[in-house]
2 protein chains.
Amino acid sequence: MLYKESHILILNNVSKFIDLTELEKQKYLSLLTKISIKRKSFLMQAGDITSYEYFITKGCLKVYTLDDDGAPHISMFAVEDYWTGDMASFMTKEPTRYFIKATEDSELLGISRANYELLFQEIPKFERFYRMLYQKSLISYIRRSNHGISLTAEERYIEFKTKYPNIVNRITQKDLAGYIGITPEFMSKIITKVNRR
Amino acid sequence: MLYKESHILILNNVSKFIDLTELEKQKYLSLLTKISIKRKSFLMQAGDITSYEYFITKGCLKVYTLDDDGAPHISMFAVEDYWTGDMASFMTKEPTRYFIKATEDSELLGISRANYELLFQEIPKFERFYRMLYQKSLISYIRRSNHGISLTAEERYIEFKTKYPNIVNRITQKDLAGYIGITPEFMSKIITKVNRR
DNA sequence: GAAAAAAAATGAACTAGTTTAAGACTTTTA
DNA sequence: TAAAAGTCTTAAACTAGTTCATTTTTTTTC
């Protein structure tokens, strides 16, 4: 069977953890919705109740909250082969506190809450897939939550650059500051300092 | 069937997400190892390759790393009804960077790597249990990793006190500082300031 | 229950990161 | 392609949090 490029990407992602038969692949793909989104538009805004989780097949999006002073705090950049969304709102049906905005024209595959539940009934192997996906994410978020309180801003910047060299060049310095957790002004100083070496 | 108190605790924890038959319960319990650990002794030290994940049935433990200057950074306090361990080392068999030390005499139930894998074969429902457990943990670690970079130390302290009122009284101010990500001296100042209100 | 060890409080001098403001540079839009 | 909007840089004054040193209080140990 010949698949579209975006479908190949998501099937490869799934195959990192579980094997699917041709029939299961087709069933799985039938539960997904293709979404195109223009640069600068929103996939989600604070207050929304989100009914989808998303897999990025093309582009880049930023996931962030706004604090009381209106300053953005970026929790992740989602690029090709990443999953994103607000799991808390997806699970509890409570309004999200997140904004998700495309920083490039992007293409996603979404799975709705209903289809997510259906998926486990139809192909129980997906419990394993998500168990392993969440386990892996958990390891990196535990790491990140420790680094947020134990590393200096400069150390966090160097870590980000090393870990995601491909993402650094696709985002603005201002957004990077929002991810590292500092002001754009101080981000500018750090970058000047680190590059001077 | 009559169960030991510690077994009731862990079965209740599991039943938050999945239902087990009597036979499955007994099978599950047979895969667990009971561990007793004295205050001030280590469940795990940096460099160990950990082969267990742990459920706490009694007591309190702190999970932490030491930075280059030897300062401790506490990533969680594990009390009754919590799961702990180093998932990264448990999964990859690489040496851990964590220490886990009992702050009270404690009792745990451990599941070995071999039995963890066996569990999924014998009772596939456990894929679902761990999928949901990890999903829930993920939500709170995403939150924590954002708060680490976006809140002040005082705000993080107030959040911790509100979220875990039962834990605050069981740990030292010094350990709390290690969790909040500040020095014990500054922790002391914050507590004096907040309590003065 | 006394001695030792660890934790907590306090203060002064310091550093990492913020705020505000202004000018230069780059990207977007009409 | 010019104007507008947004991003980046620099610098001075400020604040949150650290470091170091000392004293007091609490907990542990024998």
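Computation of the quantities below employed the complete heavy-atom set of this structure, encompassing side-chain atoms and omitting hydrogens, waters and symmetry-equivalent molecules. Residue numbers start from 1 in every chain, and the chains themselves are labelled A, B, ... in the order their sequence lines are given, proteins ahead of strands.
Distances shorter than 4.0 Å separate none of the side-chain N or O atoms of Gln173(B) from OP1 or OP2 on dA6(C). Residue Ser188(B) places no side-chain N or O under 4.0 Å from the OP1 or OP2 atom of dA8(C).
Proximity of the aromatic rings of Phe77(B) and Tyr179(B) is defined here by a centroid distance below 6.0 angstrom, and this criterion is met. Tyr130(B) and Tyr116(B) have their aromatic ring centers within a separation under 6.0 angstrom.
For Thr183(A), whose side chain is taken as the heavy atoms from C-beta onward, the closest listed nucleotide among dT7(D), dC20(D), dT19(C) is dT19(C). When each of dA8(C), dT10(D), dT18(D) is scored by its nearest atom to the side-chain atoms of Thr192(A), the top-ranked nucleotide is dT10(D).
The nearest whole Å value for the distance from the CD1 atom in Ile191(B) to the P atom in dT26(D) is 15 Å. Atom CZ of Arg156(B) and atom P of dA16(D) are 13 Å apart (whole Å). For the pair Lys174(A) NZ and dT9(D) P, the computed distance is 14 Å after rounding to whole Å. Going from atom NZ of Lys101(B) over to atom C1' of dA6(C) covers 12 Å, rounded to whole Å. The CZ atom of Phe186(B) sits 16 Å away from the P atom of dA12(C) (whole-angstrom rounding). Note: CD1 (Ile190(B)) to P (dG11(C)) measures 17 Å, nearest angstrom. dT18(D) atom P lies 12 Å from atom CD1 of Ile180(B), rounded to whole Å. Residue Arg39(A) contributes atom CZ, which lies 8 Å from atom C1' of dT28(C) at whole-angstrom precision.
Met91(A) and Ile49(A) fall into different hydrophobic clusters, defined by Ile, Leu, Val, Met, Phe, Trp and Tyr side-chain heavy atoms under 4.5 Å apart, directly or through other members.
Between Glu22(A) and Lys25(A) there is a salt bridge, since a side-chain N of the basic residue sits under 4.0 Å from a carboxylate O of the acidic one.
Closest-nucleotide positions on DNA chain D for Thr152(B) and Lys40(B) were compared, and the one nearer the 5' end corresponds to Thr152(B).
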